[in-house]
Amino acid sequence: MSAIPQPLQGMSDIISPEVEVWQTLETRAREVLARFDFREVRTPIVEMASVYLHSLGDTSDIVQKQMYAFETRGGKQVCLRPEGTAGVMRHLAGRGQEAQDARVYYMGPMFRAERPQAGRRRQFHQLGVECMGPPTPEQDAEVIALQAALFEAWELGPVSFQLNTRGSPEDFPRILEGLRGELEARKSDLCEDCQRRMDSNVLRVLDCKVPGCKEIVQELSPITTWMDPASLEYFDRVRKTLDLLKVPYEVNPLLVRGLDYYQHSIWEVTSTALGAQDALSGGGRYRMAMGKAELEGVGFGIGMERVLLALSEAQQAKFSVDAKPLVMLVAQNDAAREANLSLAADLRRAGLRVRMDLTGKSMKAQMKAAGRQNAATVLIRGEAELTAGTVQWRDMSNSEQQEVTLEKVVGLLVK
RNA sequence: GUGGGUAUAGCUCAGUUGGUUAGAGCGCCAGUUUGUGGCACUGGAGGCCGCGGGUUCAAAUCCCGUUACUCACCCCA
């Protein structure tokens with residue numbers, strides 16, 4: 001047993017019937033994305049480590065300890081992508097006007113070396129969207145509307161859209177200073193983590209789950225206190241546009257997001273169907289340096305594993321049963337089995353899903369297999385049918401059986 | 001990186017205060033008069049009880065280590 005290799009920790013094979021759920025989600029997503037006129041971009045899974053080092057913020061945990069990084073034989077520092085935005089920015093950087101207008105999306109695996117838990121894997125899959133261009137509140141709202149359309153297409157049930165603003169980069173120092181100032185007096189009442197956060201990442205104090213911290217946070221001034229009027233005006237227009245686009249949301253003044261590159265609109269989608277990791281998706285407007293290029297855009301990433309977890313069993317079953325009905329060919333003897341090989345070729349060419357026994361099992365065993373595999377139709381041939389040029393057509397749902405000529409079989413099955 | 005729980009047949013699990021050939025259900029294979037499924041009955045295959053070490057006359061059962069799974073923290077999708 002120990003000799004058989006297992007997948008790496010936090011990575012797993014995705015198999016039927018679950019893989020059909022993935023396929024359905026992906027297909028529906030592509031339809032929605034096309035309606036908003038977004039195009040797919042497929043960037044490499046391995047990039048130069050520098051692509052992430054500078055863009056995600058050097059202090060984030062992702063960069064500090066979660067990257068699968070290694071050195072190539074040529075001595076290059078590379079890593080498996082821990083998220084999608086930076087790779088897309090690497091692609092767009094230096095592309096001038098083309099990049100200015102980009103509306104792109106990606107789907108695929110990301111890698112972070114964390115301890116796995118419910119809704120968190122080391123290899124996980126994200127669907128991400130990046131919309132470039134000048135920062136307008138209307139653009140932010142349109143991207144949020146796209147995200148809402150995705151969840152609607154997936155029939156995900158009730159999800160909560162939570163929206164907030166981080167203000168402009170000019171606001172940041174005032175916000176951090178303001179927060180630290182108000183927290184300083186209460187520092188000894190904060191949990192250990194939050195005392196550490198006061199230096200490393202003050203904003204994170206706002207969404208601490210420890211009850212004592214929550215109380216303190218309630219008494220703080222909202223971060224909008226330290227924002228420029230222009231930033232507040234920006235946020236108002238995002239909200240107005242969302243109303244016009246008929247996207248329901250709620251403002252959560254305590255919402256913060258982990259990555260440094262966000263500014264102005266940030267949002268999260270959560271589901272009560274999930275455990276501790278209840279965020280299905282997170283997004284926001286960002287500005288990112290990539291080499292000497294500076295890019296700004298708005299986008300979001302959706303954790304596909306979490307979407308699957310949030311889907312009810314019933315919905316998953318519904319998404320799985322889209323396979324075509326199965327036709328099973330049953331043979332009484334070798335001659336019939338050989339004839340069935342040709343029949344199988346014809347039926348498959350006609351687009352039907354066909355299986356047959358190739359090992360010479362008894363008819364009883366073949367019928368049993370047909371039942372187990374949920375065949376809709378069984379075509380049976382023995383000596384009598386071979387000489388007559390017919391097959392026995394058995395409808396497995398009601399056990400009704402009749403003899404039909406070979407010429408008619410394809411036509412009957414295809415309709 | 002930190003902490004809790006779990007690890008016995010393909011799957012879901014029993015296994016009493018350590019005791020001799022390790023069990024059940026489902027699934028699988030074959031039969032119940034030889035050209036036919038789903039029900040029922042009969043029989044069969046399949047486990048060095050995660051891996052390594054220790055205690056003991058004796059370990060699935062007790063002790064230590066290790067790996068994986070799982071849940072939570074940190075952090076994040």
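Reminder, nothing fancy here: chain letters follow the sequence lines and each chain counts from 1.
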Determine the interatomic distance between [atom1] on [N] and the same-named atom on [M]; round to the nearest Å.
N       : M       : atom1 : answer
rU66(B) : rU12(B) : C1'   : 27 Å
rC26(B) : rU70(B) : P     : 29 Å
rG47(B) : rG15(B) : C1'   : 14 Å
rC62(B) : rG25(B) : C1'   : 30 Å

Within the structure, does a side-chain N or O atom of [X] lie under 4.0 Å from either OP1 or OP2 of [N]?
X       : N       : value
R120(A) : rC71(B) : no
Q66(A)  : rC75(B) : no
Q117(A) : rU70(B) : no

Using a cut-off of 4.0 Å on non-hydrogen atoms, how would the nucleic acid contact of R257(A) be classed: base, sugar-phosphate, or nothing? sugar-phosphate
Taking only nitrogen or oxygen atoms into account, show me every contact under 3.5 Å that the protein makes with nucleotides 28-30 of chain B, one pair per line with its distance.
residue : atom : partner : partner atom : Å
rC28(B) : OP1  : R372(A) : NE           : 2.9
rC29(B) : OP1  : R372(A) : NH2          : 3.3

Is the Y286(A) to Y261(A) ring centre distance short of 6.0 Å? yes
[X], nearest nucleotide to its side chain (from [options]):
X       : options                   : answer
A384(A) : rC74(B), rA77(B), rG35(B) : rG35(B)
A118(A) : rA72(B), rG35(B), rC73(B) : rA72(B)
Q392(A) : rG35(B), rC76(B), rG37(B) : rG35(B)
M367(A) : rC76(B), rG37(B), rC74(B) : rG37(B)

May I ask you to verify whether the side chain of E385(A) and the base of rG35(B) hold a donor-acceptor pair under 3.5 Å? yes
I need the CG-C1' distance between D207(A) and rC75(B), as an integer number of Å. 10 Å
